[in-house]
Amino acid sequence: MTSLIECQDIWKVYSVGDVEVQALRGLSLTIEQGEFVAIMGSSGSGKSTLMNMLGCLDQPTKGCYRLNGVEVGGLQHDELAGIRNQQIGFVFQSFNLIPRTSALENAQLPLFYRGLSLKDQRAQAAAALARVGLHGREDHYPTQLSGGQQQRVAIARALVTSPSLLLADEPTGNLDSQSSHEIMEILQALNHDEGITIILVTHELNVAAYAGREIVIQDGQILSNRRTKVFPPSSSVEVAPR
Ligand code: ADP
Ligand code: MG
């Protein structure tokens with residue numbers, strides 16, 4: 001079976017004036033459909049660069065990245081946008097909600113780009129908000145919601161298109177520990193109950209502990225890569241009859 005993500009010898013070099021920054025340096029990585037992976041590493045180690053590349057927001061300078069068996073390197077701008085809209089949800093540290101716009105309208109946005117009817121947009125956005133525990137808050141503006149609730153709206157917006165891959169770059173970085181815990185419970189349930197593949201960047205060990213695999217990045221390379229939980233989960237393995 002094809003792995004969801006296959007990176008082979010990926011390099012990302014940024015040129016700023018005369019200076020070249022090698023943000024990723026020959027990184028290879030495979031992630032299976034249904035995994036929950038935490039990426040850790042100090043500031044500047046290349047975590048966001050890797051996430052942007054995995055999310056088709058950016059292209060590697062060199063190397064091969066396949067998503068669902070499709071080589072992303074050869075695709076045009078609009079093809080990349082199509083993959084993002086069809087397959088990938090993003091959650092960021094700073095929520096990135098549109099101000100003075102209701103929770104429902106924020107969650108609707110990706111569906112607007114799909115050209116869905118307004119009625120379907122609203123119904124699906126309301127269902128996504130309910131999945132993250134925000135039923136009844138549809139009409140609230142971001143300023144009327146706590147940080148944890150705003151991040152839940154952002155997760156609903158990421159989920160509304162039913163992506164197979166959810167990328168979360170330090171989603172709990174701006175949250176208190178109780179809200180962080182709630183966000184991680186939601187992500188864990190999405191992975192466990194719906195089989196959504198999740199890749200999460202975090203600085204915190206107790207946040208990484210929700211994942212089933214921990215990858216540490218240093219200077220644009222993988223320093224360590226280990227499963228912390230059995231994959232696939234044993235509950236899905238058929239027991240042979242006695
Ligand atoms: P992390 O998310 O682990 O903190 P980043 O991926 O943001 O690290 O950055 C990795 C390296 O690449 C850093 O040295 C950073 O300064 C550099 N970098 C990131 N984005 C850019 C950019 N757009 N232009 C130039 N350099 C960049
Ligand atoms: Mg970063």
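Any value given below was found using the heavy atoms of this structure, including those in side chains, with hydrogens, waters and symmetry copies removed. In each ligand, atom 1 is the first atom listed, and ligand 1 is the first ligand listed.
Checked by atom type and distance alone, the side chain of K47 pairs as donor or acceptor with a backbone atom of S42 at under 3.5 Å.
A heavy-atom distance below 4.5 Å is found between the side chains of R157 and N96. Contact of the I155 side chain with the L190 side chain is registered, since non-hydrogen atoms from C-beta on lie closer than 4.5 Å.
Of all protein heavy atoms, the one lying nearest to atom 3 (O) of ligand 1 is K47 NZ, 2.8 Å. Distance from atom 19 (C) of ligand 1 to its nearest protein heavy atom, with residue and atom name: Y14 CE1, 3.4 Å. Protein heavy atom at the shortest distance from atom 8 (O) of ligand 1 is G46 N, 3.3 Å. What sits closest to atom 7 (O) of ligand 1 on the protein, heavy atoms only, is S48 CB, 3.8 Å. Of the protein's heavy atoms, V21 CG1, 4.9 Å lies nearest to atom 16 (O) of ligand 1.
When the salt bridge (charged side-chain N to carboxylate O under 4.0 Å, His left out) test is applied to R100, no partner is found at least two apart in sequence or on another chain.
Around the Mg ion (ligand 2), the protein atoms of type N, O or S found under 2.8 Å away are S48 OG, listed by chain and number.
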query = Would C56 and L67 satisfy side-chain contact (heavy atoms from CB on, under 4.5 Å), going step by step from the backbone distance to the final call?
reply = CA-CA 9 Å; C56 301; L67 177 63; 4.2 Å; yes
key: Check against side-chain contact (heavy atoms from CB on, under 4.5 Å), L4 and E32   = CA-CA 5 Å; L4 180 67; E32 307 302 331; over 6 Å; no
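For atom 23 (N) of ligand 1, the nearest protein heavy atom lies under 4.0 Å away.
Heavy atoms from both the backbone and the side chain of T49 come within less than 4.0 Å of ligand 1.
For the residue pair S179 and D176, a side-chain donor N or O sits within less than 3.5 Å of a side-chain acceptor on the partner. Of the N and O atoms on the side chains of E105 and S102, at least one donor lies less than 3.5 Å from an acceptor on the other residue.
To the nearest 0.5 angstrom, E214 atom CD is 10.5 Å from L200 atom CG.
By the 4.0 Å heavy-atom criterion, S42 is counted among the residues contacting ligand 1.
Around the OH atom of Y113, the shell of radius 6.0 Å holds no more than 12 heavy atoms that belong to other residues, nucleotides or ligands. Counting non-hydrogen atoms of other residues, nucleotides and ligands closer than 6.0 Å to NE2 of H135 gives a total of 12 or fewer.
For atom 4 (O) of ligand 1, the nearest non-hydrogen atom from the set G44, S45, A23 belongs to G44.
Those atoms of ligand 1 that come under 4.0 Å of a heavy atom in V16, given as number and element, are 25 (C).
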